[in-house]
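So the structure is just underneath, and the comments pick up after that.
All values below come from the heavy atoms of this structure, side chains included, with hydrogens, waters and symmetry mates left out. Note that this is a predicted model, so its numbers are computed, not measured.
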Amino acid sequence: MEIIPSNFIEQAVINDINEKGLNKIITRFPPEPNGYLHIGHCKAVCIDFLTAQKFGGITNLRFDDTNPAKEDEEYVRSIQEDIKWLGFNWEAIYYASDYYDFLYDCAIDLIKQGKAYVCDLSADEVNAMRGTLTEAGKESPYRNRSVEENLALFADMRAGKFEDGVKTLRAKIDMAHSNINMRDPIMYRILHTTHYRQGDKWCIYPMYDFAHPLSDAKEGITHSLCSLEFEDHRPLYNWFVENCSLIKPPYPRQIEFARLNIDGTVLSKRYLQELVKGNYVDGWDDPRMPTLSALRRKGYPADAIREFCSRIGVAKSNSLVQPHILEACVRENLNANATRVMAVLQPLKVVLTNYPADKTEQCLISNNPTIENAPKHEVTFSNELYIEQEDFMEFPEGKFHRLKPDGVVRLMGAYIIKCDEVVKNEDGSIKQLNCSVIYDAQEQGIKAKGTIHWLSCKHSIPCKTRKFFNLLKEGETYQKGMLDKIINPNSLVEYNSYIEPFALEQTNAMQFVRMGYYVKDKTSTADLPVFNETVGLKDSK
RNA sequence: AGGGGUAUCGCCAAGCGGUAAGGCACAAGACUUUGACUCUUGCAUGCGGUAGUUCGAAUCUACCUACCCCUGCCA
């Protein structure tokens, strides 16, 4: 069957299959375990896994842990959890740190070929001699050491005979190259730091530019998909793969795509780190965070996030996606799947003066009106109710179809009621509404233009509902170390609300009728049950 | 002696020489025990600009312009 490409990456894969005669496609998702995965990583995960899947291939999960200073086991655990939650299965799980011996051998090979050398220049000196964007660099005075000397020195580096930063292993390429990445890039640096998996076994660590292409090649990766900022690294990627004699064709091919940017959301690990470490948020899974664990806690279905990644597409132009595309995906998914319950976010008491105080009735409410023959559940009705504060207007403006003085409204699944009296507190605020049930509305031909939700005071359960807003103040952008000044103190608003008992039994997302989509926060340790707002309903007129 | 990329509707994005897909957003209407959902309809004589090649150009060529990335012993 002919495969129709849906983006430029798939087109490139098809070309490679035809030209190189590839019989199996292998991709990899290569996170560095130095933070939690966020929605931006999710795009990459989808591209890596779905591209391979489309061609009947496989995807490896590889932790790119070549910098012991930043990495931690907590992150490798969370990353695996998040990928599984998204619904992807890796073929194998690897660690760049497991390749250290192999990479060391590759380095030796390059030294023997005269293509790598030990350099004694300090970091400052290396930077100074690299040249600039418009000027060529200068060759290191250590560039032409003999193979034997390089081999001995490199062995000494590994043996721990030098302090951090005293020596590096560099590739001998071209100090005058127009691409700065090709000006004798560093392959290994000395770092006497304990690695979270390797312990103190090593004191030299490979750089990304050296480790990544060779790790790809070792795993038989056919397509190494990464983001646009690595375009300039591709010539170097190819150089290592083509020059290391331990690597045989077919070589892996690097293809770059634009990373995800979402308007009003900062998707940088260092910003997220700062938020967590500075206690501006309640951990990596705080519902205001763009991490996958936070979105999960907030009730975003994994399928909705995958749908989002599919809708935004794959291309090479730097784009800024509007958050409402994600929200539309979530709304669409929840609308079709979520169990609906009634809840009152900001309550206003209603007393039904002509309904017996000792009477109750059971009203049937559909679990999801968009599903035909969906199960129904009972909600208890009584003479004292809560309705939503915003469903009543003492001085209605425009086309307000809900409750107003002397007006009528339908209580969903129950009666039509009429507002007879507005009872006020001493300070003039509204205390409660005295209303009467119109039992014979049908006979009288009384129709209500509006329908509102309600809850019996005695039969509902107090809870907290939380709404989230942008973490940064309006118009502010992230700046390192500026969080105190630019953080929005109102990024979280909590209400004292009520919910029907049925809601507590629900484990999946649910819709609070007309108020939006909320989900029970299973992670919360608050005394009262907590419901987080996932997405609001589409704006009504 | 700079290099590498990208420009198609408000936002994403297809298109690969034969006369501008789709989604989100928006607007109008229908339906509605929530004003949501659903449904219908509308929404680029135009593809960064200017020349050119061609019967025919978003697609090819040339020259401009704008924006993004690159001078970590980070990834």
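- B:C12 sits 26 Å from B:G17 when the P atoms are compared, rounded to a whole Å.
- Here B:G72 is in the syn range [glycosidic angle within 90° of 0].
- A:Phe8 comes within 4.0 angstrom of no nucleic acid atom, judged by non-hydrogen atoms across all strands.
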Q | Per-nucleotide pairing state of RNA chain B [Watson-Crick or G-U, under 3.5 Å; [ ] pseudoknot-crossing; | other strand] | A | .(((((((.[[[..)..(...]]].(((((.......))))).....[[[[[..)....]]]]])))))).....
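- Here the side chain of A:Asn150 pairs no donor or acceptor atom with the backbone of A:Ile111 at under 3.5 angstrom.
- Atom CD of A:Gln362 has more than 12 heavy atoms from other residues, nucleotides or ligands within 6.0 Å.
- For A:Ala136 and A:Gln11, each mapped to the nucleotide of RNA chain B holding its nearest heavy atom, the one lying further toward the 5' end belongs to A:Ala136.
- Using a 4.0 Å heavy-atom criterion, one finds that A:Arg331 contacts the sugar-phosphate atoms exclusively.
- If you take atom P in B:G23 and the same atom in B:C43, they sit 14 Å apart, rounded to whole Å.
- Comparing B:A66 with B:G49, their C1' atoms sit 10 Å apart, to the nearest whole Å.
- Residue-level contact check: A:Val409 touches neither bases nor backbone, having no heavy atom under 4.0 Å from any strand.
- If you take atom C1' in B:A21 and the same atom in B:C9, they sit 13 Å apart, rounded to whole Å.
- Across the interface with RNA chain B, nearest-nucleotide mapping of A:Trp454 and A:Asn335 shows A:Trp454 to be the residue nearer the 5′ end.
- Nucleic acid contact for A:Gly450: none, since no nucleic acid atom lies under 4.0 Å from a heavy atom of the residue.
- Relative to the side chain of A:Gln322, the nucleotides B:G10, B:C12, B:A25 differ in distance, and B:G10 lies closest.
- For the pair A:Asn368 CG and B:U38 P, the computed distance is 12 Å after rounding to whole Å.
- We find that CD of A:Glu372 is positioned 15 Å from C1' of B:C37, with the value rounded to whole Å.
- Residue A:Glu231 is classed as a sugar-phosphate contact, given heavy-atom separations below 4.0 Å to backbone atoms only.
- Remark: C1' of B:G3 and CD1 of A:Ile173 are 15 Å apart, rounded to the nearest angstrom.
- The aromatic rings of A:His233 and A:Phe230 lie perpendicular to each other, with more than 60° between the two planes, well past the 30° mark.
- Salt bridge status for A:Glu10 with A:Lys54: present, with a side-chain N to carboxylate O gap under 4.0 Å.
- Here the side chain of A:Asp164 pairs a donor or acceptor atom with the backbone of A:His192 at under 3.5 angstrom.
- Taking the C1' atom of each, B:U19 and B:A44 are spaced 14 Å apart, rounded to whole Å.
- Here A:Thr451 does not reach the OP1 or OP2 of B:U32: none of its side-chain N or O atoms lies under 4.0 Å away.
- If you take CG of A:Leu326 and P of B:G23, they are 18 Å apart, rounded to a whole angstrom.
- Classification of the A:Phe381-A:Trp454 ring pair by plane angle, with boundaries at 30° and 60°, yields perpendicular.
- The aromatic rings of A:Tyr271 and A:Tyr478 lie perpendicular to each other, with more than 60° between the two planes, well past the 30° mark.
- Here B:A13 presents its C1' atom at 14 Å from CD1 of A:Ile9, a figure rounded to the nearest Å.
- A:Met510 has its CE atom 23 Å from the P atom of B:A36, to the nearest Å.
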Q) Which letters describe nucleotides 68-75 of chain B, given B = protein heavy atom under 4.0 Å from base, S = only from sugar-phosphate, - = neither? A) SBBBSBBB
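- Comparing B:U61 with B:G18, their P atoms are spaced 16 Å from each other, to the whole Å.
- The side chain of A:Lys316 approaches B:G5 more closely than any other nucleotide in the set B:C12, B:G5, B:C24.
- Straight-line distance between the C1' atoms of B:C60 and B:U54: roughly 9 Å, to the nearest whole Å.
- Residue A:Ile312 is in sugar-phosphate contact alone, with no base atom involved, counting any heavy-atom pair closer than 4.0 Å across all strands shown.
- Taking the six-membered ring for Trp, A:Phe63 and A:Tyr94 have ring centres at least 6.0 Å apart.
- A side-chain donor-acceptor contact under 3.5 Å links A:His41 to the backbone of A:His38.
- Taking the six-membered ring for Trp and the full ring otherwise, the centers of A:Tyr188 and A:Tyr205 sit at least 6.0 Å from each other.
- Rounded to a whole angstrom, the distance from the P atom of B:U65 to that of B:U50 is 15 Å.
- One N or O donor and one acceptor, one from the side chain of A:Arg402 and one from the base of B:G35, sit under 3.5 Å apart.
- Residues A:Gln511 and A:Arg340 have side chains that bring a donor and an acceptor to within less than 3.5 angstrom of each other.
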